[in-house]
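For reference, the structure discussed in these notes is given below.
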Number of protein chains: 2
Amino acid sequence: MVRSIRVVQVGLGAMGSGIAEVMARRDGLEVVGAVDPSPDYCGKDLSEVLQLEHDVGQKVQADMEEVLSQADADICIICTFSFLHEVRSQIIAALQHGCDVITIAEEMAYPRAAIQGDGEEIHRLALAEKRTVLGTGINPGFVLDTLLIALTAACTDIERIKARRVNDLSPFGPTVMRTQGVGATPEEFADGLQDGSIVGHVGFPQSMYLVASALGWELDEVKEERKPIIAEQRRTGSNIVVEPGMVAGCNHTARGLVDGEEVLVLEHPQQVEPGAAGVDTGDYVDIEGTPGISMAIKPEIPGGIGTIATAVNMIAPVLSASPGLKTMIDLPLPRAVLGDVRETVKQLQVAHDCTS
Amino acid sequence: MVRSIRVVQVGLGAMGSGIAEVMARRDGLEVVGAVDPSPDYCGKDLSEVLQLEHDVGQKVQADMEEVLSQADADICIICTFSFLHEVRSQIIAALQHGCDVITIAEEMAYPRAAIQGDGEEIHRLALAEKRTVLGTGINPGFVLDTLLIALTAACTDIERIKARRVNDLSPFGPTVMRTQGVGATPEEFADGLQDGSIVGHVGFPQSMYLVASALGWELDEVKEERKPIIAEQRRTGSNIVVEPGMVAGCNHTARGLVDGEEVLVLEHPQQVEPGAAGVDTGDYVDIEGTPGISMAIKPEIPGGIGTIATAVNMIAPVLSASPGLKTMIDLPLPRAVLGDVRETVKQLQVAHDCTS
């Protein structure tokens with residue numbers, strides 16, 4: 001058997017440490033470095049930070065360059081920021097040290113739709129270094145794009161697709177509440193949208209253009225809209241109470257138009273205690289076409305563990321892919337990799353072998 | 001723009017003619033030949049057989065070799081039989097004429113699970129001819145394997161997967177009724193299973209081993225079971241009435257075991273008028289794992305149009321794949337190809353480029 005796949009984890013927040021914990025117990029993977037400058041983690045044993053039963057023999061370090069210089073890593077998982085310009089230098093450092101890269105930065109799910117830059121610089125560097133870069137996660141990255149796209153494979157014709165991810169913000173902390181406007185008055189919500197302190201969901205343009213690119217639709221325009229969800233009953237989260245008349249969350253929608261016709265509508269209402277208003281959480285895809293397909297996942301795929309899973313499960317497809325900046329539609333059918341990850345890499349390499 | 005993708009359709013039954021009709025109206029595809037020895041079609045204008053509004057300038061011919069010799073085709077869609085040994089010679093002929101191949105023969109969805117032969121001969125010939133072969137369809141090929149596998153990508157751990165496809169046989173003709181045992185007495189059903197005249201669903205071993213191969217499970221054993229669904233109320237199909245006490249259909253299940261534990265249970269009850277017994281048709285996937293995922297598509301994706309769609313939509317992935325006998329887990333995320341098929345081929349070729 002070939003040596004273990006050597007992974008460096010960059011960022012040990014809720015997502016990064018979850019990913020590192022799953023990687024530490026996967027056959028064929030070895031966590032050979034962990035980077036996080038936060039004093040909560042830096043200098044500590046990684047096994048302690050991740051509450052692992054076995055010792056992986058790594059201390060969390062602050063400096064990514066230093067870790068990469070020593071780690072001889074195959075792949076680097078970057079879980080630090082949401083936007084391309086924020087993760088750019090970390091991706092470049094990983095590529096220059098010979099690593100493939102997976103990041104959960106939302107904008108990297110489809111960088112051509114990013115606000116700043118289009119990922120072309122990263123694509124060219126990845127080609128030059130013969131390495132692969134992928135952005136993924138639960139959303140963008142899976143529910144409102146990858147899974148929706150897979151469902152379309154059973155259709156000959158499609159007039160319109162509507163998809164909706166309805167989740168419950170109740171367990172989340174103050175940062176999420178603030179950026180979704182939970183607990184604000186309707187006036188404060190409007191002001192927050194204006195000054196950018198209330199943002200709703202990050203990743204709609206990525207999902208929209210990923211779907212359009214897969215299906216062969218040329219979108220004229222993507223319209224985003226953020227509306228307050230006003231509580232009619234009192235709603236209670238883990239650290240917040242929303243009184244009637246106040247904002248319980250943000251209903252964020254995106255509409256994609258082809259030749260003036262609305263062909264793709266994605267909706268992501270995020271709110272505290274949706275059950276109080278009789279709203280079931282779930283992931284819903286409705287394809288109006290031939291045939292029509294109506295899919296429901298109830299409750300919704302949880303965002304945290306779903307992001308952790310997609311990131312870890314895409315390691316094998318990324319390691320076996322050709323060089324460049326990829327998206328989920330460029331890579332083989334995603335899957336849970338439950339056995340030895342090296343075996344899946346080998347299987348996918350054989351399947352894609354261009355030399356035979 | 002490069003020339004159109006030249007396709008030969010082999011077999012013009014319900015599936016084959018549906019596929020040819022969709023291909024005839026897809027941008028970038030040209031139907032350059034059609035083969036069916038049946039006197040219903042042979043010698044007729046293909047446009048007439050397919051009820052097309054425009055003339056594609058082809059007559060249906062009986063001899064596949066003759067069509068292939070003249071067609072200069074890129075890909076051949078084979079919709080003739082269910083089993084590998086039955087389509088073997090047609091696939092070989094297509095490969096020898098320089099064509100890629102898509103077939104809806106159920107056993108070709110995962111030929112290593114086939115009853116006779118394992119597809120190795122076809123794989124070696126495809127490699128030698130530098131061509132690609134794929135088996136696909138709605139089931140096997142999509143609902144109980146490809147789609148189920150895609151859902152697992154959001155899981156870190158999986159204990160067990162149960163999936164169920166519940167459909168309605170009411171619209172089908174006498175052949176389907178006979179092979180599912182509809183209208184038989186319970187004794188006749190038991191005899192039919194014994195003598196092989198009642199078969200249930202064709203394709204469970206393919207779906208089981210495809211899922212196991214994707215997830216890294218080594219199945220010890222696959223157990224199949226076919227049980228009669230006895231009508232408690234009178235049930236009515238388009239050409240059959242089933243009285244109480246008679247067989248309304250076949251509940252076919254397959255169970256896959258790893259180390260003696262049941263990890264994968266697929267169930268496909270096929271019956272006339274399930275609504276009479278209060279049964280909703282639908283496609284259901286339940287993953288017991290982290291996270292648990294419970295997916296429902298109601299009603300089920302229709303089998304006929306779903307098979308037509310998956311076959312046509314896989315043309316671009318097959319044309320851009322490396323040589324050999326492939327399965328759905330070897331190829332990129334499936335999708336509806338609604339624009340010019342040549343554009344999707346180009347997009348996928350760039351994504352997989354091994355030379356860069």
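Just so it is clear: chains get the letters A, B, ... in the order the sequence lines come, proteins before strands, and each one is counted from 1.
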Among the options M295(B), E300(B), Q347(B), R335(B), pick out the one with the most heavy-atom pairs lying under 4.5 Å from chain A. R335(B)
Per-residue contact mode, S213(B) against chain A (heavy atom under 4.5 angstrom): both
Main-chain N/O of A351(B) paired with S322(A) side-chain donor or acceptor, under 3.5 Å: yes
Which atoms of L147(B) approach chain A - backbone, side chain, both or neither, heavy atom under 4.5 Å: side chain
Counting only heavy atoms closer than 4.5 Å, note whether A321(B) contacts chain A via side chain, backbone, both or neither. neither
Pairs of heavy atoms under 4.5 Å with chain A: top-ranked of E218(B), M328(B), K326(B): K326(B)
With a 4.5 angstrom heavy-atom cut-off, is it the side chain or the backbone of K298(B) that approaches chain A, or both, or neither? backbone
If you count heavy-atom pairs within less than 4.5 Å of chain B, which of G306(A), A214(A), G339(A) leads? A214(A)
Chain A contact via L151(B) - side chain, backbone, both or neither, heavy atoms under 4.5 Å: both
Measuring heavy-atom distances to chain A, does I149(B) have an atom under 4.5 Å in its side chain, in its backbone, in both, or in neither? both
Which portion of I305(A) sits near chain B, non-hydrogen atoms under 4.5 angstrom: both
Rounded distance [0.5 Å steps], CG in L333(A) versus CG in L333(B): 6.5 Å
Region of T327(B) in contact with chain A, defined by heavy-atom distances below 4.5 Å: neither
Side chain, backbone, both or neither: which part of V312(B) has a non-hydrogen atom closer than 4.5 Å to chain A? neither
With a 4.5 angstrom heavy-atom cut-off, could you sort out which part of L215(B) is near chain A: side chain, backbone, both or neither? both
For the interface with chain A, which of P291(B), P317(B), A128(B) has the highest count of heavy-atom pairs at distances below 4.5 Å? P291(B)
Considering all heavy atoms of both residues, which atom of T156(A) and which atom of L338(B) are nearest to each other, and what is their separation? O-CD2, 3.9 Å
Heavy-atom pairs under 4.5 Å with chain B - which of V285(A), T152(A), T146(A) has more of them than the others? T152(A)
CZ/R26(B) to CG/D157(A) distance, rounded to the nearest 0.5 angstrom? 6.0 Å
Part of L348(B) lying under 4.5 Å from any heavy atom of chain A: side chain
Could you measure the distance from the CD1 atom of I308(B) to the SG atom of C155(A)? Nearest 0.5 Å is fine. 12.5 Å
Shortest non-hydrogen pair, A153(B) vs F142(A), comes out as CB-CE1, 3.9 Å
Which atoms of M314(B) are under 4.5 Å from chain A, going by heavy atoms: the side chain, the backbone, both sets, or neither? neither
Minimum heavy-atom distance between A336(B) and I158(A), given as atom pair plus value: CB-CD1, 3.9 Å
Backbone N or O of L331(A) within a donor-acceptor pair of the H352(B) side chain at under 3.5 Å? no
Among G18(B), A296(B), A150(B), G216(B), the residue with the most heavy-atom pairs under 4.5 Å to chain A is A296(B)
With a 4.5 angstrom heavy-atom cut-off, could you sort out which part of L325(A) is near chain B: side chain, backbone, both or neither? neither
Contact origin within N313(B) toward chain A - heavy atom pairs under 4.5 Å: side chain
Measure the shortest side-chain to side-chain distance between P332(B) and I329(A) over non-hydrogen atoms and say whether it is less than 4.5 angstrom. no
